[in-house]
Amino acid sequence: MSSDAAASLDALRERIDQLDNDILHLISERARCAQEVAEVKLDEDPGTRFYRPEREAQVLRRIMAMNKGPLSDEEMARLFREVMSACLALEQPVKVAYLGPEGTFTQQAALKHFGESAVSLPMAAIDEVFREVEAGAVNYGVVPVENSTEGVVNHTLDTFLESSIRIAGEVVLRIHHHLLVGENTRRDKISRIYSHPQSFAQCRKWLDAHYPHAERVAVASNAEASRLVKTEWHSAAIAGDMAGKLYDLEVIHEKVEDRPDNSTRFLIIGNRDAPFSGSDKTSLVVAMRNQPGALHDLLEPFHRHRIDMTRLETRPSRSGVWNYVFFIDFVGHHDEPHIAAMLDEVRLRAADLKVLGSYPQGVL
Ligand SMILES: O=C(O)C(=O)C[C@]1(C(=O)O)C=C[C@@H](O)C=C1
């Protein structure tokens with residue numbers, strides 16, 4: 001390196017050191033503010049909740065709107081997400097149950113939403129996540145609800161029918177699958193591939209083209225698939241980054257999903273939903289009256305109030321009393337007057353209606 005270049009590098013690093021000092025000072029000051037916020041909350045109500053989803057969404061949205069680069073809005077929000085997560089942990093760490101085992105996309109979604117300072121606990125099944133939240137053993141739960149390639153996760157929707165759980169948030173995760181091997185795997189001799197059935201479905205064309213003769217073995221999770229290949233010299237796994245890192249596997253083919261926009265939406269479930277944040281969604285489940293024109297009647301108020309419906313799913317009712325129920329997501333919060341008025345109208349036309357929750361639209 002020339003002496004000029006070395007001098008420039010030294011000067012730039014000195015500037016970075018100064019900036020780091022400022023950032024350190026400011027983050028500490030922010031953390032002290034969060035501690036004071038906790039005291040105010042406790043003074044007001046000893047049973048207070050420290051985690052405030054609507055406030056977190058507002059903070060992240062404001063940062064993204066103010067960001068002028070060179071870091072992208074998403075990257076900047078991710079950094080602030082972690083700062084807030086650490087500040088909340090000073091107030092009280094948030095405990096989150098997720099559909100495990102460790103290394104699943106659901107864990108990745110939980111950490112994306114709550115940040116790395118959250119305490120995340122793996123559960124063996126979706127019902128268990130619901131149960132832990134209902135019992136108050138954790139503050140929140142994270143469950144998958146729909147995939148852009150494979151459609152809805154019926155089990156999650158069905159569990160809502162029998163539960164008093166509320167939806168407090170949503171998070172969308174871009175899903176990238178890789179073909180992973182262990183250090184002893186003979187790459188030219190891969191005869192078996194492990195993965196979760198949903199992941200196989202999302203990578204079917206790629207597998208047909210590249211590994212048409214390999215046996216596809218469906219297992220309970222991608223993390224389980226990754227664990228299995230560790231000890232088998234002729235096997236590979238289809239899984240995401242987290243599972244691969246957890247079991248120290250090597251990526252031999254990156255991003256093998258058939259659709260580049262493959263993403264999964266997860267719900268944050270809790271014992272109460274979220275206050276108005278300024279950009280919200282509401283989820284409800286409705287049972288239709290058993291009469292001609294009932295579906296049209298039910299949906300008409302959405303149309304008249306110009307409500308943006310983002311999802312409509314039909315599921316067979318489990319109670320036997322109703323034939324079908326509809327899961328509806330739309331833009332707006334149930335505390336907004338026009339939404340409350342629309343809901344009153346729909347309630348009158350339905351056999352039954354349950355608001356599952358209003359919550360901030362996914363920010364990251
Ligand atoms: O504003 C609050 O209520 C806070 O507790 C502060 C803060 C933050 O760090 O900005 C931390 C946790 C909450 O979930 C929301 C925001």
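Note that the numbering runs from 1 along the sequence shown for the chain. No hydrogens, no waters, no symmetry mates; every other heavy atom, side chains included, goes into these values. We count ligands from 1, going down the list as the structure has it; atoms in each ligand are counted the same way.
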Chemist: Return the option from Glu91, Arg55, Gln92 holding the heavy atom at the smallest distance from atom 4 (C) of ligand 1.
Modeler: Glu91
Chemist: Please confirm whether the ring centroid of Tyr51 lies under 6.0 Å from the ring centroid of Tyr140.
Modeler: yes
Chemist: Go through His177 and Trp206 one step at a time and tell me if the ring-ring contact (aromatic ring centres under 6.0 Å, His included) criterion holds.
Modeler: CA-CA 11 Å; His177 291 298; Trp206 188 89; over 10 Å; no
Chemist: Among all protein non-hydrogen atoms, which one is nearest to atom 14 (O) of ligand 1, and what is the separation to 0.1 Å?
Modeler: Glu56 OE2, 2.6 Å
Chemist: Just wondering, are more than 12 heavy atoms of other shown residues or ligands nearer than 6.0 Å to CD in Gln18?
Modeler: yes
Chemist: Which of the numbered atoms in ligand 1 are under 4.0 angstrom from any heavy atom belonging to Leu88?
Modeler: 12 (C)
Chemist: How many angstroms lie between CZ in Arg186 and OG in Ser191, if you round to the nearest 0.5 Å?
Modeler: 11.0 Å
Chemist: Specify the protein heavy atom at minimum distance from atom 10 (O) of ligand 1: its residue, its atom name, and the distance to 0.1 Å.
Modeler: Arg30 NH2, 2.9 Å
Chemist: Is there a polar contact, in the sense of an N or O pair closer than 3.5 Å, between Tyr51 and ligand 1?
Modeler: no
Chemist: Enumerate the atoms of ligand 1 whose separation from the nearest heavy atom of Arg52 is less than 4.0 angstrom.
Modeler: 3 (O), 13 (C), 14 (O)
Chemist: For the residue pair Tyr211 and His253, categorise the inter-ring angle as parallel (less than 30°), tilted (30 to 60°) or perpendicular (more than 60°).
Modeler: perpendicular
Chemist: Atom 3 (O) of ligand 1: which protein heavy atom is closest, and how many Å away?
Modeler: Lys41 NZ, 2.8 Å
Chemist: Residue-level breakdown please: for Cys87 versus ligand 1, do any non-hydrogen atoms fall below 4.0 Å on the side chain, on the backbone, on both, or on neither?
Modeler: side chain
Chemist: Show the atoms of ligand 1 that are less than 4.0 angstrom away from any heavy atom in Met84.
Modeler: 8 (C), 9 (O), 10 (O)
Chemist: Below 6.0 angstrom between ring centroids: does that apply to His155 and Phe160?
Modeler: no
